[in-house]
Protein chains: 2
Amino acid sequence: MAPRNQLRLRRSSTSDRDESGRGRIIRAAARLFREKGFRATTVRELAEAAGMQSGSLFYFFPSKQDILLAVMEQGMAEVHASVAAAKEGRAPAASFRAMVRRHLEGILEEDSDHMAVMLYETRSLPAGAGKQVLKMRRDYEALWEAQIEALIQQGRWCHPREPRLSRLALMGALNWSVQWYRPQRGDTPARLAATLCALFLREPA
Amino acid sequence: MAPRNQLRLRRSSTSDRDESGRGRIIRAAARLFREKGFRATTVRELAEAAGMQSGSLFYFFPSKQDILLAVMEQGMAEVHASVAAAKEGRAPAASFRAMVRRHLEGILEEDSDHMAVMLYETRSLPAGAGKQVLKMRRDYEALWEAQIEALIQQGRWCHPREPRLSRLALMGALNWSVQWYRPQRGDTPARLAATLCALFLREPA
DNA sequence: AACTTTACCTAGCAAGCGCTTGGTGGAGTG
DNA sequence: CACTCCACCAAGCGCTTGCTAGGTAAAGTT
């Protein structure tokens, strides 16, 4: 019995946004998992899209499920970082607009499939798995809820009570765009963001 | 070569909400497809949940995919009927509130898995399939968009332009609840509906 | 120069998959 | 009582699935 694969696994030394085997796998997986779903994507398809043989995937990851986990982790980390940066150093309403824009860019732009996979493939993970991802997700939600509370205090939010439900409604309105948004209509995530913000923000008194 | 299964298939003589084989299969499929997803549900699990052997499914349906289609059709038809009925004979804002309530009940209540499957399993259908379901879906969306236009005319909608985007945002906010709503919190779909309506409706002038 | 590690490839196994086939008991019909 | 039809069951076929085992050429290390 050979030593377990796990023992030799690299954690991404640089980023996984590189041309290394790991990086190529994660990018290909993000695209396929988003387009076809996790279960409907076979390791053979995935390997071909990453430019290697199916067996080689298991040199980099112990299982198919761990590839899904890696996709989600990367998506969550990148969007969180982008949105958190947009929050800094602006008035609440301006911050909010920037955050919405970054969030939509993070789920709608080309080669930004990771976060969409994270949003819609949660149930492909067995009950115990993905605690790390779950924690990241909660942190991300807290970021938004805090922002909504700031807007409520300034009287700029459309509904002055229920910040939790407001956040859920907002996230629904934003994340649903994954289901219908198609870039070729002349829309961009930025323009969509501007319009959607207008639904939730109240004019200054 | 035996005659194809299709030739012997019954269209639901009464409703499929009965205890017939077909009805049992559709109900079990709705629950499993929602909980685990279409691909992750095997015909053996599905058969067991419906109280029969796996082969027997194919006496009632020509393929697993046709079971999915039947689930979606039933869900779409029932919710459409319920929401369309709520629209009748009320002032626009009151209609709207009733519609939102019916929609949420249709996707959140126990044994109402069909519509949720319809919302989140579209990509499990191959490109050509489900034209019937797609048409039903478009009709349903038109129903909502008309309602939003009526509210805009009365000055009761939170955003006076962009009825299409308003509809998409609203649907997102409502449909996202499938991902997070859990009944045991003391919430009900009806209460959730009331709060979410307040986000989108404007007070009468 | 000798050795180890990295980054894969090749071949294939065991399990599970959707679906088919050939029945069969019971109810309905003439 | 003979016949037909309905609603399934029992068994299994052929294929695909995630994953494993063993190998290897090239690069890095000592």
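Since the model is a prediction, treat every value here as computed from it, not as a measurement. Chain identifiers are assigned alphabetically (A, B, ...) following the order of the sequence lines, protein sequences preceding nucleic acid strands; residue numbering begins at 1 within each chain.
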- [ ] For Q53(A), report the nucleic acid contact type (base, sugar-phosphate, nothing); a contact means any heavy atom under 4.0 Å.
- [x] base
- [ ] Calculate the interatomic distance between L57(B) atom CG and dT20(C) atom P; express it in whole Å.
- [x] 12 Å
Open item on the list: Please report the distance, rounded to the nearest Å, between CZ in F61(A) and P in dC19(D).
Closed with: 13 Å
- [ ] By nearest nucleotide on DNA chain C, pick out whichever of G55(A) and S63(B) is the more 5' one.
- [x] G55(A)
Open item on the list: Tell me the interatomic distance from R22(A), atom CZ, to dC8(C), atom C1', rounded to whole angstroms.
Closed with: 16 Å
Task: Interatomic distance, L46(A) CG vs dT17(D) C1' [rounded to whole Å] - done: 14 Å
Task: E48(B)/R44(B) salt bridge by N-O under 4.0 Å criterion - done: no
TODO: Return the value, rounded to whole Å, for the distance between atom CZ of R39(A) and atom C1' of dT17(D).
DONE: 10 Å
Open item on the list: Side-chain N or O of Y59(B) versus OP1/OP2 of dC8(D): is the shortest distance under 4.0 Å?
Closed with: no
Open item on the list: Nearest to the side chain of F60(B), heavy atoms from C-beta on, is which of dC19(C), dT10(C), dA7(D)?
Closed with: dA7(D)
Task: Length of the line joining E45(B):CD and dG16(C):P, which is rounded to integer Å - done: 12 Å
- [ ] For the side chain of T42(B), starting at C-beta, report the closest nucleotide among dC6(D), dA7(C), dC17(C).
- [x] dC17(C)
TODO: For dC9(D), take OP1 and OP2 only and decide whether either is under 4.0 Å from a side-chain N or O of S56(B).
DONE: yes
- [ ] With the side chain counted from C-beta on, respond yes when E35(A) and D113(A) share a heavy-atom pair under 4.5 Å apart, and no when they do not.
- [x] no
TODO: Please tell me which of the listed nucleotides, dT10(C), dC19(C), dA7(D), lies nearest to the side chain of F58(B)?
DONE: dC19(C)
Open item on the list: Could you check whether K64(A) makes a cation-pi contact with F38(A), meaning its NZ or CZ is under 6.0 Å from the centre of the six-membered ring and within 45° of the ring axis?
Closed with: yes
Task: Trace of the side-chain contact (heavy atoms from CB on, under 4.5 Å) decision for L168(A) with Y181(B) - done: CA-CA 10 Å; L168(A) 289 164; Y181(B) 177 83; over 6 Å; no
TODO: Identify whether NZ of Lys or CZ of Arg in K135(A) sits under 6.0 Å from the centre of the six-membered ring of Y140(A) and within 45° of that ring's axis.
DONE: no
Task: Whole-Å gap separating P (dC19(D)) and CG (L68(A)) - done: 12 Å
Open item on the list: Looking only at the side chain of R44(A) (C-beta and beyond, no hydrogens), which of the listed nucleotides dC9(D), dG18(D), dC17(C) gets closest?
Closed with: dG18(D)
Task: Separation of dC8(C) P from E48(A) CD (nearest whole Å) - done: 16 Å
Task: Out of dC19(D), dC8(D), dC8(C), whichever nucleotide has its closest atom nearest the side chain of R24(A) - done: dC8(C)
Open item on the list: Let's see if you can work this out: which of dG18(D), dT6(C), dC19(C) has an atom nearest to the side-chain heavy atoms of V43(A)?
Closed with: dG18(D)
